[in-house]
There are 2 protein chains.
Amino acid sequence: MAEDLVLTATLAVDLIVLTVRNGALAFLAVKRGVPPFRGRWALPGGFVLDGEPLRAAAERELVEETGLSVGAHLEQLATYGDPRRDPRGRVVSVAYLALVPDLPAPVAGTDAADARWHDLDAFRGAGHRLAFDHDQILSDGLERARSKLEYTSLATVFCGDEFTIAELRQVYEAVWGVTLDPRNFHRKVTNTDGFVEPTGRTTARDGGRPAQLFRRGAIELLHPAMLRTAGA
Amino acid sequence: MAEDLVLTATLAVDLIVLTVRNGALAFLAVKRGVPPFRGRWALPGGFVLDGEPLRAAAERELVEETGLSVGAHLEQLATYGDPRRDPRGRVVSVAYLALVPDLPAPVAGTDAADARWHDLDAFRGAGHRLAFDHDQILSDGLERARSKLEYTSLATVFCGDEFTIAELRQVYEAVWGVTLDPRNFHRKVTNTDGFVEPTGRTTARDGGRPAQLFRRGAIELLHPAMLRTAGA
DNA sequence: CGAATAGTGTCTCTTAGACACTATGTC
DNA sequence: GACATAGTGTCTAAGAGACACTATTCG
């Protein structure tokens with residue numbers, strides 16, 4: 001292996017930030033203010049700095065580009081290193097997946113012309129294309145999120161600190177694109193030890209019988225798993 | 001973001017190559033022939049070349065260092081980018097996980113003093129430590145393999161082209177470190193459409209009643225999943 | 001009151017797991 | 001024959017899903 005052939009690449013991080021807004025799955029995008037792909041929507045992200053851990057770079061870039069901070073859940077997704085994925089040269093990007101509750105509107109940072117939440121189905125239905133290979137990255141992140149809802153209690157990170165069972169169900173319905181039976185869902189969630197814990201308080205924000213409020217339980221893995229089967 | 005602070009890192013790939021030998025889970029290691037960590041066991045891997053896709057680098061390094069080629073299954077695992085993970089400087093490593101059938105002994109390449117299969121439990125039981133952060137990478141790969149056996153048909157890639165149900169069961173037992181009921185396992189596997197397909201041939205290599213031989217089926221995802229619960 | 005949402009009871013079907021039993025080879 | 005491994009039958013318990021029913025609010 002000749003030393004002069006060894007690659008020194010520019011390292012970037014990109015973020016798939018998912019949330020549930022108005023019952024629909026949404027992701028965070030920034031409109032590029034500089035070339036390449038100027039004016040196109042892209043995932044938030046940017047270059048890793050010298051001496052900076054990858055995860056720290058992801059957190060920093062999110063704040064810089066959108067004014068939001070992650071808090072809830074941030075995990076590494078995958079690394080994208082196709083030699084031609086960036087027209088500027090060899091840029092290898094480590095993608096991170098963040099799942100967050102319904103946050104305020106983002107504020108575009110210096111390199112961005114705009115930043116906002118996009119309803120995922122609407123964005124794709126309109127035929128929009130993200131910059132670089134970000135459509136692929138977004139798809140991979142979405143698939144990771146969908147499958148993690150099955151066997152972990154991660155759905156709770158989409159909710160606020162206190163939430164009703166119905167709100168939690170709407171998370172599953174939005175992420176999986178299915179309709180679940182509210183009664184069976186309620187029993188399943190409340191019977192799984194450690195999934196959610198009652199706070200003792202109630203809310204009537206939905207107009208019917210007041211619902212109990214819950215918070216995240218201690219467990220991370222669900223036994224048995226939630227099933228992605230569609231209901232009525 | 002000042003341009004002079006942007007990181008240009010050296011990119012590497014490392015491989016966790018797992019197989020089942022003599023009923024035990026084993027991984028492939030090379031003894032380092034050059035500093036740093038000279039003389040220590042490490043995962044096979046090396047630097048990505050200019051213009052080379054990451055996955056191609058993983059395949060190339062495996063052949064160069066051990067004479068083995070992957071064939072069966074190779075997937076990206078995670079990327080390790082701690083600024084101090086390599087004493088030579090900032091080296092970011094993309095780890096790949098390979099699952100292979102029982103292959104011949106590896107042959108050490110030019111940079112390696114030795115290359116061989118290590119029984120995983122014996123290696124750890126003896127208190128050996130891999131170079132760099134490779135213990136962590138190995139653990140992560142192992143955990144990925146363990147969980148993927150649950151919900152995919154990947155266990156079959158540990159077997160040869162034709163295998164008996166008992167051989168497939170031994171894969172699960174070795175990877176999960178449990179004992180499974182042969183009768184229930186047999187029924188479960190053969191009743192899951194597309195998991196394995198009968199070849200019509202039999203073998204008597206284990207001294208009892210001849211067993212039917214099967215090959216991999218078409219499906220990739222198992223419904224319902226295999227459960228990691230220990231049997232008698 | 002009706003409408004709406006929260007939550008429980010209960011039935012059926014499928015599957016996991018335990019394990020008795022039968023089948024077919026070698027020695 | 002004994003022994004070993006392959007494979008089937010059957011029972012029980014638990015969970016998924018369907019859905020009738022009760023509970024508690026608002027207007």
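Residue numbers start from 1 in every chain, and the chains themselves are labelled A, B, ... in the order their sequence lines are given, proteins ahead of strands. The structure displayed is predicted, hence computed values, not measured ones.
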**Q** I need the CD-C1' distance between Glu173(A) and dT5(C), as an integer number of Å.
**A**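 Distance, rounded to whole Å: 14 Å.
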**Q** Please report the distance, rounded to the nearest Å, between OH in Tyr172(A) and P in dA16(D).
**A** 12 Å
**Q** Is a donor-acceptor pair below 3.5 Å formed from side chain Arg187(A) to base dG9(C), judging by atom type as modelled?
**A** yes
**Q** Rounding to a whole Å, what distance do you find between Asp181(B):CG and dC21(C):C1'?
**A**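 Atom CG in Asp181(B) sits about 13 Å away from atom C1' in dC21(C).
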**Q** Could you check how far CG of Leu180(B) sits from P of dT15(C), rounded to whole Å?
**A** 19 Å
**Q** Going by atom types alone, do His134(A) and Gln136(A) pair a side-chain donor with an acceptor below 3.5 Å?
**A** no
**Q** Would you kindly check whether a donor in the side chain of Arg183(B) faces an acceptor in the base of dA20(C), or vice versa, at under 3.5 angstrom?
**A** yes
**Q** Rounded to whole angstrom units, what separation is found between the CG atom of Leu168(A) and the P atom of dA6(C)?
**A** 12 Å
**Q** Heavy-atom nearest nucleotide on DNA chain C for His186(A) versus Pro224(B): which residue maps closer to 5'?
**A**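 Nearest-nucleotide comparison on DNA chain C picks His186(A).
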**Q** Is there a donor in the side chain of Tyr80(B) and an acceptor in the side chain of Asp140(B), or the other way round, less than 3.5 Å apart?
**A**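 Present: a donor and an acceptor within the cut-off.
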**Q** Let me know the distance between CZ of Phe163(B) and C1' of dA6(D), rounded to the nearest Å.
**A** 16 Å
**Q** Within the supplied structure, the quantity of interest is the number of heavy atoms (other residues, nucleotides, ligands) at a distance under 6.0 Å from Arg124(B) CZ; does it exceed 12?
**A** yes
**Q** Are Glu150(A) and Arg228(A) close enough for a salt bridge, meaning some N to O gap below 4.0 Å?
**A**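 Looking at Glu150(A) and Arg228(A), the cut-off is met.
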**Q** Of the candidate nucleotides dG15(D), dA6(C), dG7(C), which contains the atom at the shortest distance from the side chain of Arg169(A)?
**A** dA6(C)
**Q** Rounded to whole angstrom units, what separation is found between the CG atom of Asn184(A) and the P atom of dA20(D)?
**A**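 Asn184(A) atom CG is separated from dA20(D) atom P by 13 Å.
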**Q** Atom pairs, N/O to N/O, protein against nucleotides 22-25 of chain C, distance under 3.5 Å?
**A**
residue, atom, partner, partner atom, Å
dA23(C), O4', Arg209(B), NH1, 3.4
dA23(C), N3, Arg209(B), NH1, 3.2

**Q** Under 4.0 Å from OP1 or OP2 of dA6(D): is there any side-chain N or O of Gln212(B) that close?
**A** no
**Q** Between C1' on dC19(D) and CZ on Phe185(A), what's the gap in Å once rounded to a whole number?
**A** 18 Å
**Q** Determine whether more than 12 heavy atoms belonging to other residues, nucleotides or ligands lie under 6.0 Å from atom CG of Asn191(A).
**A**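 Counting neighbours around CG of Asn191(A), more than 12 heavy atoms of other residues, nucleotides or ligands fall under 6.0 Å, so yes.
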**Q** Between Arg40(B) and Leu130(B) (side chain of the first, backbone of the second, donor and acceptor by atom type, cut-off under 3.5 Å), is there such a pair?
**A** yes
**Q** Can you tell me which residue among Arg187(A), Lys188(A), His186(A) is in a side chain to side chain donor-acceptor pair (under 3.5 Å) with Asn184(A)?
**A**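 When side chain to side chain donor-acceptor pair (under 3.5 Å) is applied between Asn184(A) and each of Arg187(A), Lys188(A), His186(A), only Arg187(A) qualifies.
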